[in-house]
Amino acid sequence: MVENVAGVVAELEPEDIYLLSGVEQGMRFSEWVNRGKLPDYAGLTAEEVEYRLDRCMKRDLIERRTIQYEGYQLSFEGYDVLALHTFAERDTVEGMGSSLGVGKESDVYEVRSYRPLALKFHREGYTNFREVNREREYTADHHHVSWLYTARKAAEAEHDALETLYPDVSVPQPIDHNRHAVLMTKFDGVELARSKLDDDGVLPVVDLTLREVADAYDAGLVHADLSEHNVAVSESGVTIFDWPQSVPTTHENAAELLERDVDNLVGFFARKYPAVVPEVDTAAVADAIANGGFETVRAFATSRSS
């Protein structure tokens with residue numbers, strides 16, 4: 001777990017970091033790095049590599065497999081260590097706090113810095129690499145793509161999206177990123193999936209969220225994975241998070257993805273609050289967002305639920 005890895009960072013010596021960085025470099029070319037190449041990759045002697053391999057294996061920072069050769073690969077804990085070490089060197093992270101959320105594609109933790117922040121570690125590709133590799137835009141043109149590359153590109157994509165959107169759209173403020181990790185501000189609120197709204201507050205939240213979607217479109221991005229699991233609602237408003245799959249509005253599938261986002265969001269509210277949310281022409285809502293004419297979902301009601 002990341003909390004334990006944070007303690008490991010303090011235990012490691014510079015040569016341990018050299019070894020981990022060497023394995024990371026080797027994984028750019030092959031899934032499992034030949035042991036014989038590690039001295040060159042890490043800038044260490046063969047004897048030093050042997051000692052550092054033992055130290056890092058004991059801390060579960062690397063994995064070993066014997067195939068046609070003795071090969072090594074970073075574990076996600078090892079990759080976490082490299083990212084945390086870099087953040088510590090930059091003085092952007094001073095310590096790890098409690099978990100804020102763990103999912104199949106990311107882990108998020110509170111961290112200590114000049115103020116409480118959130119640190120998101122992307123996990124894309126580690127357990128379902130082939131599926132993620134097929135689906136993600138940023139892996140499409142690469143023949144050899146490791147899970148390190150997939151997770152790093154997801155973090156880069158999310159950080160770039162947040163920089164594009166903040167502060168005009170209600171998203172977490174990006175602070176820093178390194179490898180597969182994104183440092184951002186914490187936000188208040190509860191996921192829509194876990195929230196319970198009063199009936200008279202449902203449609204205003206739908207409208208507020210769709211206006212944020214419209215603002216993101218005006219800024220040039222479609223979320224492309226919007227659901228009740230990446231919108232948080234609080235007394236001060238809504239926050240849309242999880243942007244690694246976002247696409248530019250010039251993307252050939254932007255219109256389709258925008259409509260899917262709208263359909264997912266409105267569909268969730270209609271299922272959870274059927275007595276309040278009317279049947280809505282979501283295609284028309286998406287068109288209005290794209291054309292800068294969206295104001296309220298009520299204008300697109302086709303009938304009222306019984």
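Note that the structure is a prediction, hence the values are computed from the model and not measured.
The main-chain N or O of Tyr79 is never found under 3.5 Å from a side-chain atom of Arg179 such that the two would form a donor-acceptor pair. No side-chain donor-acceptor contact under 3.5 Å links Asn264 to the backbone of Ser227. With hydrogens and angles disregarded, no donor-acceptor distance shorter than 3.5 Å links the side chain of Ser113 to the backbone of Pro116. Thr302 places no side-chain N or O within 3.5 Å of a backbone atom of Asp281 that could act as its donor or acceptor partner.
Between Trp32 and Tyr69, the distance from one ring center to the other does not fall under 6.0 angstrom. Aromatic ring centres of His122 and His180: separated by at least 6.0 Å.
Here ring pair (Phe, Tyr, Trp, His ring centres under 6.0 Å) pairs that include residues 199-240, with residues two or more places apart or in two chains, are His223-Trp243.
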Trace of the side chain to side chain contact (heavy atoms under 4.5 Å, CB included) decision for Gln73 with Arg65: CA-CA 8 Å; Gln73 181 185 93; Arg65 177 178 293 181; over 6 Å; no
Arg298 vs Thr296, side-chain hydrogen bond (donor to acceptor under 3.5 Å, both in side chains): CA-CA, chis, key distance, verdict: CA-CA 5 Å; Arg298 296 172 181 86; Thr296 173; 3.2 Å; yes
CA sep, side-chain torsions, deciding dist, call: Val233, Thr209, side chain to side chain contact (heavy atoms under 4.5 Å, CB included): CA-CA 9 Å; Val233 59; Thr209 306; over 6 Å; no
Can you give each donor-acceptor pair under 3.5 Å made by side-chain atoms of residues 195-206, sequence neighbours left out, with the distance rounded to 0.1 Å?
unit_1 : atom_1 : unit_2 : atom_2 : d
Ser195 : OG     : Leu192 : O      : 2.9

Show the atom names and distances, to 0.1 Å, of all donor-acceptor pairs under 3.5 Å that link a side chain in residues 6-13 to residues at least two apart or in another chain.
unit_1 : atom_1 : unit_2 : atom_2 : d
Glu11  : OE1    : Arg59  : NE     : 3.3
Glu13  : OE1    : Arg52  : NH1    : 2.5
Glu13  : OE1    : Arg52  : NH2    : 3.1

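Side chain to side chain, Ser146 and Arg28 fail the donor-acceptor criterion of an N or O pair below 3.5 Å. Under 3.5 Å, the side chains of Asp188 and Ser234 contain no donor-acceptor pair of N or O atoms.
Enclosure of atom CD in Glu89 by more than 12 non-hydrogen atoms of other residues, nucleotides or ligands within 6.0 angstrom is indicated.
Closest approach of Ala157 and Pro244 over heavy atoms only: CB-O, 3.6 Å.
Note on Arg35 versus Glu70: salt bridge recorded, some NZ/NE/NH1/NH2 to OD/OE distance being below 4.0 Å.
Taking the six-membered ring where tryptophan is involved, the planes of Phe121 and Tyr109 are perpendicular, since the angle between them exceeds 60° and thus also 30°.
Just one residue in the list Val93, Asp176, Ile175 forms a side-chain contact (heavy atoms from CB on, under 4.5 Å) with Leu117, and that residue is Ile175. Results of the side chain to side chain donor-acceptor pair (under 3.5 Å) test with Glu158 over His177, Lys153, Lys120 single out Lys120 as the only residue that passes.
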